[in-house]
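Read through the structure below, which is laid out as structure tokens, and then see the notes.
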Number of protein chains: 2
Amino acid sequence: MSPKQHRPATIIEVAKLAGVSPSTISRVLNGTAVVAPETAQRVREAIDQLGFSPHPAARQLVMNRTNMIGVLLQEISGAFFPPMLKGIEAGVREAGYDLLIYSRQNEQASVRFGEHSVDGLIIFAGSMDEASLRRYYEREFPVVLLHQTPPPDCPYPFVTVENKSGAEMLVSHMIEVHHRRRIVYLQGPENHEDSHWRERGYREALQAHNIAFDPALIASGGFDEVEAGDAIENLLLDGVEFDAVFAGDDDAAVGVIAALKQAGRSVPQDVSVVGFDDVPFSRYISPPLTTVRAPIEQVGRTAVQLLVKCLRNQPCEAEVLLPTELVIRQSCGCE
Amino acid sequence: MSPKQHRPATIIEVAKLAGVSPSTISRVLNGTAVVAPETAQRVREAIDQLGFSPHPAARQLVMNRTNMIGVLLQEISGAFFPPMLKGIEAGVREAGYDLLIYSRQNEQASVRFGEHSVDGLIIFAGSMDEASLRRYYEREFPVVLLHQTPPPDCPYPFVTVENKSGAEMLVSHMIEVHHRRRIVYLQGPENHEDSHWRERGYREALQAHNIAFDPALIASGGFDEVEAGDAIENLLLDGVEFDAVFAGDDDAAVGVIAALKQAGRSVPQDVSVVGFDDVPFSRYISPPLTTVRAPIEQVGRTAVQLLVKCLRNQPCEAEVLLPTELVIRQSCGCE
DNA sequence: AGGTTTTCTGAAAACGTTTTCACTATTCTA
DNA sequence: TAGAATAGTGAAAACGTTTTCAGAAAACCT
């Protein structure tokens with residue numbers, strides 16, 4: 001059908017073939033003005049015949065928008081990101097945009113990243129320093145934050161989950177039904193807001209049950225399987241007594257369980273272990289993991305929806321907090 | 001530092017400030033010609049002062065390349081895609097490109113997708129029909145295929161793993177060391193090439209040990225947890241006798257194990273179960289899964305490297321087959 | 001029937017770069 | 001010292017769209 005030309009057809013060739021001006025082609029393409037039905041028909045035929053599709057760069061240049069949404073994150077790995085990414089992808093698709101992924105493993109985010117490469121940016125916690133963020137804000141560049149509250153002087157919208165109440169449910173459960181009293185908490189990466197709120201929930205649950213907070217029971221698990229395993233190992237080596245572990249997240253929990261077994265402690269008889277997030281494999285590990293379900297996919301999708309509202313200059317929530325839900329399995333000691 | 005202008009600076013303003021022509025700015029920006037050291041210095045200062053960065057669309061328009069690589073896949077979920085994506089991301093980053101993700105959940109891939117939006121495309125098995133693929137080939141659009149051999153008339157490069165020998169190792173192991181003779185194979189999604197080769201390996205292992213192939217032992221597991229579980233349930237209901245299951249992949253294997261336990265069969269005492277891929281959680285399920293390690297991340301990275309070679313008109317392998325490796329854990333019956 | 005609105009279309013400017021070509025000043029060659 | 005090569009720079013065309021403006025033809029009014 002279409003000729004074997006190496007260069008794809010341009011709007012001008014289509015115009016010539018249809019016997020009209022480029023303006024008219026543009027109009028039927030975008031429905032931006034009414035054109036006579038017969039003309040439109042001729043144009044459509046010409047388009048088909050040449051297999052024409054408009055050059056995005058040309059369009060971007062004149063319209064000053066790319067129709068792309070960017071997402072900035074630290075790394076794709078872990079059990080946590082895939083569902084989040086999936087939600088983002090779905091949201092982006094629904095809204096008719098394309099998705100540009102930036103994972104800056106360790107490099108600093110380029111100051112001017114995405115400035116005109118994308119129409120808006122979704123930034124995951126910790127992927128960008130405050131200074132850069134502020135620069136975006138000054139330029140009124142659309143951004144929504146994920147699992148991170150913005151600094152007060154650049155009030156970007158953000159979406160996250162109810163970390164504190166989730167954590168509270170978790171440790172209250174271990175205290176109330178399994179009578180645990182010495183519960184260790186494994187912190188996430190430094191300055192990770194999720195970790196901060198989970199620790200708050202942990203402390204409040206302790207307090208509500210009149211259990212004194214013991215700093216010796218806090219260690220760093222990095223939301224990471226091996227780091228968490230090492231942390232537990234060290235605790236054991238140091239002779240710290242504990243009968244339960246709130247691992248921070250599910251990834252860390254599997255590391256904890258492995259380390260505990262390795263050391264000859266049985267889970268959940270000797271020590272209860274709980275995670276956070278309810279990633280897909282949590283139900284399959286041994287013992288099946290008691291955790292809190294975070295609507296990860298929904299977080300991603302919601303973020304996109306917020307961003308799109310901003311892009312359309314529609315009013316948009318300043319923050320959304322998605323609910324979490326306790327899911328009891330067996331690693332806490334339940335049957 | 002930079003003025004609070006709403007519109008970012010253009011190359012022309014930089015040129016004015018530095019007292020040179022736009023051409024010169026372009027030259028120091030791209031190092032495309034030698035410019036006097038003092039001039040270059042002045043230009044760099046002007047660039048910094050205005051916080052200038054070139055508009056990608058303008059550049060794309062004139063250079064006719066986007067500096068983006070696209071990846072087309074069906075869905076981000078499953079344990080398989082994240083590592084693959086991670087590898088792709090790493091490769092893309094290394095090569096200095098950006099990554100555009102297209103997941104077409106169920107919609108057909110637009111015929112002209114990516115034609116000028118990306119410089120090249122990585123297409124995962126089954127994400128594009130042959131007709132569209134052929135159209136790309138006619139237009140000499142750079143593509144590399146993932147886990148799929150191209151049709152003979154469009155010999156695009158492809159990368160995949162040694163499915164056949166991996167499967168062979170797996171079932172030979174079950175035959176030789178665990179004396180299994182009635183081994184079911186759960187096929188993947190229809191026309192999935194990985195599944196095809198794994199079945200070949202399965203059959204050859206059978207044959208090598210003089211075990212007759214029994215069609216009753218073949219069912220469809222879809223490389224999916226619940227589909228695989230259902231398949232096993234049905235086999236059990238139909239009274240089919242078997243003492244081992246090669247589940248097709250790891251996702252399916254967890255479904256199989258769950259279904260077996262549900263039915264009161266113990267794994268691995270009553271029946272051996274093995275998967276394929278060695279996704280991260282495989283070691284943590286109960287019992288730990290015997291499987292074959294496929295270098296998934298490496299597959300993604302290699303694909304990008306091939307694609308980049310094509311983009312640079314360097315010679316590039318027509319196919320690369322990454323080796324697989326047996327990893328013995330306990331679901332087969334080993335200790 | 002004459003004026004006014006409406007409908008449809010085209011010319012041309014703009015978007016922000018890269019690149020070719022030509023030109024000047026400088027350095028080299030013999 | 002004259003001519004030739006070289007280094008450094010600028011003017012302007014090109015990339016492929018969208019959009020503003022204005023004009024022609026057709027339809028509508030009274």
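The sequence lines fix the lettering, A, B, ..., with proteins before strands; numbering per chain opens at 1. What you are looking at is a predicted structure, and each value in this text was computed from that prediction instead of being measured.
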salt_bridge(A:R134, A:E130) N-O dist < 4.0 Å: yes
Evaluate side chain to side chain contact (heavy atoms under 4.5 Å, CB included) for B:I122 paired with B:L307, printing each intermediate quantity in order. CA-CA 8 Å; B:I122 291 180; B:L307 185 56; 3.8 Å; yes
Pairing residues for A:R42 by the side-chain hydrogen bond (donor to acceptor under 3.5 Å, both in side chains) criterion, not counting sequence neighbours: none
Enter the inter-axis angle for the ends of the helix from C:dA1-D:dT30 to C:dA30-D:dT1 (five pairs per end, rounded to 10°). 30°
Sole residue of A:L121, A:V71, A:L146, A:L72 in side-chain contact (heavy atoms from CB on, under 4.5 Å) with A:S127: A:L72
With the sugar-phosphate defined as primed atoms, P, OP1 and OP2, and the base as all remaining atoms, what B/S/- string results for nucleotides 15-27 of chain D, 5' to 3', for protein heavy atoms under 4.0 Å? BBBBBB-------
List the steps and the verdict of side chain to side chain contact (heavy atoms under 4.5 Å, CB included) for B:E89 and B:L85. CA-CA 6 Å; B:E89 211 284 332; B:L85 203 55; 5.7 Å; no
Does the plane of the ring in B:Y137 sit parallel, tilted or perpendicular to the ring in B:Y156? Use 30° and 60° as the thresholds. perpendicular
Considering only residues two or more places apart or on different chains, which pairs with a residue in residues 26-35 of chain B satisfy side-chain hydrogen bond (donor to acceptor under 3.5 Å, both in side chains)? B:S26-B:N30, B:N30-B:R59
When you measure from every atom of DNA chain C, which of residues 35-43 of chain B have a heavy atom less than 4.0 Å away? none
Hits for ring-ring contact (aromatic ring centres under 6.0 Å, His included) against A:F81, two or more places apart or cross-chain, chain-then-number order -> A:F124
Test A:T149 against A:E193 for side chain to side chain donor-acceptor pair (under 3.5 Å), laying out the working first. CA-CA 8 Å; A:T149 61; A:E193 234 172 81; 3.2 Å; yes
Side chain to side chain contact (heavy atoms under 4.5 Å, CB included) for A:R301 and A:Q305? Distances and angles first, verdict last. CA-CA 6 Å; A:R301 186 191 233 100; A:Q305 289 164 347; 3.9 Å; yes
